[in-house]
Amino acid sequence: MRTDPAPDFAAGGLTRVTPSEAGLPACYEAVDVYTYDRPLSAEVEVARTLAELERRHGARPTTVFTRIEDRPGTRVLGHPYPRAVLLAALGADEGAHLPEMATRLAGAPHQVRSGADGTASVEGGPPPGLEELKGMDDLPVLQHRPGDGGRYVTAGIGVTTRPDGSSANLGFYCVQVVSSRRARVFMDPRTDAHRNLKEWEAAGEPMPLSVFLGADPIYAVVGASRLPSEGDDYQIASRLLRRDVTVTGSPPVPADATHVLTGLVRHERETEGPFGEFKGYYVEQREGFVLDITGVAARPGAPWPSIVAGAESGLTLMSFQNEYLMYAHLTGQGLPVRSVRYSIEARGEFVALIETDTPDLDLVREAMRFDVRCKLVLCGPDLGSVGQALATHGFVSHREPYHRKGRIEGERLGLALVIPPAGRPVEY
């Protein structure tokens with residue numbers, strides 16, 4: 001069932017289609033899906049057209065672009081992760097999904113099986129159902145913005161393990177395509193993938209990396225989430241999906257992935273960027289690791305998902321994972337929380353709105369301790385209108401330094417709306 005409004009996109013080159021016609025799974029029935037059949041270049045034009053459609057209609061449509069001039073025969077899926085699709089993939093309703101996800105996370109994991117049919121994949125071959133391509137030039141990898149340093153894989157979920165093959169980690173790591181068999185990947189030193197890379201370096205070997213796209217959207221939720229470094233992220237996915245997970249290859253990727261890249265991350269750096277990041281500003285050139293591409297495979301006809309960093313799909317993933325992790329943590333601590341919301345306008349990360357009937361500074365401090373990247377935590381009984389809540393409630397505050405990349409940049413603030421408004425509210 002649809003959960004979001006449906007603007008009229010009939011004008012402007014869009015044709016509404018069913019998810020199956022677009023090559024998408026059933027969870028996309030939660031939104032309207034369109035095709036755009038006018039010729040566009042993968043260099044800037046696809047992303048710019050999607051942004052123009054959003055400005056014109058006030059919403060970003062989930063769209064399959066079918067005529068990529070410089071990559072004939074390929075298709076691109078724009079805005080692949082609207083919130084309604086994530087909820088449909090979970091099988092949960094808005095408002096009820098947070099306690100449901102917290103319950104699933106606290107449960108026992110299901111099995112993680114190897115091979116699309118329960119057996120290991122053929123060594124060196126593409127995953128079952130996918131065809132081997134010559135290289136990255138066979139894929140419609142986009143340059144999203146004019147100031148980007150080149151074409152970037154943005155919706156790919158990277159999979160790394162430790163040298164012994166344990167602790168599969170899923171994460172979004174931007175990959176700048178240099179040539180058909182060469183790329184650069186940025187791995188922040190604070191990430192689990194970077195930790196794994198250091199272990200491979202100590203072992204004197206390059207780190208194997210798999211990047212997959214097009215699998216169940218719940219893998220994207222897990223890949224975007226800040227999870228404990230110990231354990232296997234596929235076990236987290238199995239909890240959220242409430243079923244066994246089937247993976248294939250090494251490092252393992254979901255058997256339902258539509259695109260899979262494999263490669264070796266070398267302990268060698270090259271300049272990567274600039275890149276238009278999720279905060280709405282370019283990250284200027286920086287050092288990334290060299291990635292030698294060893295395999296490229298795709299399911300025939302499947303659209304290539306692409307996220308414009310800082311736009312709705314990427315920010316939805318950011319806010320969605322922050323909300324469920326914060327809710328699960330606070331309720332796991334026995335704190336009486338009704339809901340958690342991270343503002344998309346604050347890039348899905350920097351403003352947390354926590355609704356509770358008993359707001360206090362202990363809850364605020366615990367929320368700020370759990371999420372050190374959040375700049376403002378607001379805790380109160382009704383935060384449907386933040387301006388109204390601040391205007392009518394008295395509050396107490398907690399302040400502490402805001403740290404960014406090892407340096408202090410001002411303060412972060414927590415507010416608990418502990419004094420309810422006095423008087424009788426007006427009618428209508």
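- When all heavy atoms of I307 and A155 are compared, the pair lying nearest together is CG1-CB, 3.8 Å.
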Steps toward side chain to side chain contact (heavy atoms under 4.5 Å, CB included) verdict (L14, H57): CA-CA 12 Å; L14 294 182; H57 297 280; 5.8 Å; no
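- For the pair D32 (side chain) and Y34 (backbone), a donor-acceptor distance under 3.5 Å is absent.
- If you take CG on L209 and CH2 on W200, they are separated by 11.5 Å, rounding to the nearest 0.5 Å.
- Residues satisfying the ring pair (Phe, Tyr, Trp, His ring centres under 6.0 Å) criterion with F370, sequence neighbours excluded, are H329.
- Remark: D192 CG to L197 CG distance equals 12.5 Å, nearest 0.5 Å.
- Residue V159 comes nearest to P252 through the heavy atom pair CG1-O, 3.3 Å, listed as atom of the first residue, atom of the second, then distance.
- Distance check, rounded to the nearest 0.5 Å: OG of S397 to CD of E411 gives 9.5 Å.
- For R104 (side chain) and L240 (main-chain N/O), a donor-acceptor pair under 3.5 Å exists by modelled atom type.
- Shown here are the ring pair (Phe, Tyr, Trp, His ring centres under 6.0 Å) partners of F275, two or more places apart in sequence or in another chain: Y152.
- Residues T161 and P251 approach most closely at CG2-CB, 4.3 Å, considering heavy atoms.
- In this structure, R182 CZ and S180 OG are separated by 13.0 Å, a value rounded to the nearest 0.5 Å.
- In this structure, R412 contributes its side chain and C374 its backbone to a donor-acceptor pair below 3.5 Å.
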Side chain to side chain contact (heavy atoms under 4.5 Å, CB included) between V372 and H403, worked out: CA-CA 8 Å; V372 298; H403 295 269; over 6 Å; no
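- Between the R83 side chain and the T316 main chain, no donor and acceptor come within less than 3.5 Å of each other.
- Applying the ring pair (Phe, Tyr, Trp, His ring centres under 6.0 Å) criterion to H259, with sequence neighbours excluded, gives W304.
- T63 places a side-chain N or O within donor-acceptor distance of the main-chain N or O of P61, the cut-off being under 3.5 Å.
- Counting only distance, with no hydrogens or angles, the side chain of Y234 and the backbone of R113 share no donor-acceptor pair below 3.5 Å.
- Residue pairs meeting the salt bridge (charged side-chain N to carboxylate O under 4.0 Å, His left out) criterion with at least one member in residues 165-179: none, sequence neighbours excluded.
- For the pair R184 (side chain) and Q176 (backbone), a donor-acceptor distance under 3.5 Å is absent.
- Residue pairs meeting the salt bridge (charged side-chain N to carboxylate O under 4.0 Å, His left out) criterion with at least one partner in residues 197-208, sequence neighbours excluded, are R162-E199, K198-E201.
- Of the inter-residue distances, the one linking S179 atom OG with D137 atom CG reads 7.5 Å to the nearest 0.5 angstrom.
- The CG atom of D371 sits 3.5 Å away from the OH atom of Y342 when rounded to the nearest 0.5 Å.
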Salt bridge (Lys or Arg N to Asp or Glu O under 4.0 Å) between R341 and E323, intermediate numbers included: CA-CA 6 Å; R341 179 163 55 92; E323 288 165 1; over 6 Å; no
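- Closest heavy-atom contact between Y324 and L105: CE1-CD1, 3.5 Å.
- Side-chain N or O atoms of E132 include one that pairs as donor or acceptor with a backbone N or O of V296 at under 3.5 Å.
- Side chain of T66 to main chain of Y36: a donor-acceptor pair is present (N/O by atom type, distance under 3.5 Å, no hydrogens or angles).
- In this structure, the side chains of R71 and V76 stay at 4.5 Å or more apart for every pair of heavy atoms.
- Judged as a salt bridge (charged side-chain N to carboxylate O under 4.0 Å, His left out), the pairs with a partner in residues 257-266 (not counting sequence neighbours) are, in order, R266-E268, R266-D292.
- Residues P109 and I236 form no side-chain contact, since every pair of their non-hydrogen atoms from C-beta on lies 4.5 Å or further apart.
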Test log, rule salt bridge (Lys or Arg N to Asp or Glu O under 4.0 Å), inputs R151 and E43: CA-CA 7 Å; R151 301 185 188 224; E43 293 189 11; 3.3 Å; yes
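- Taking the ring axis of Y282 as reference, the NZ or CZ atom of R145 does not stay both within 45° of it and closer than 6.0 Å to the ring centre.
- Remark: the backbone N or O of K134 is paired with a side-chain donor or acceptor of R181 at under 3.5 angstrom.
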Pair L378-L390, side chain to side chain contact (heavy atoms under 4.5 Å, CB included): steps then yes or no: CA-CA 9 Å; L378 185 59; L390 289 173; 4.0 Å; yes
Criterion side chain to side chain contact (heavy atoms under 4.5 Å, CB included) on V337 and L363, from CA distance to verdict: CA-CA 9 Å; V337 173; L363 193 155; 4.0 Å; yes
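- The side chain to side chain contact (heavy atoms under 4.5 Å, CB included) test with T248 singles out one residue from L130, D256, V253, V260, and that residue is V253.
- Looking only at atom types and distance, the side chain of S343 has a donor-acceptor partner in the side chain of E345 under 3.5 Å away.
- Relative orientation of the F320 and H97 rings is parallel, given thresholds of 30° and 60° on the angle between their planes.
- Closest approach of P217 to V85, counting heavy atoms only: CG-CG1, 4.0 Å.
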From CA spacing to verdict: salt bridge (Lys or Arg N to Asp or Glu O under 4.0 Å), R404, E409: CA-CA 7 Å; R404 180 175 180 268; E409 291 188 354; 3.6 Å; yes
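- In this structure, M136 and V153 approach most closely via the heavy-atom pair CE-CG2, 4.1 Å.
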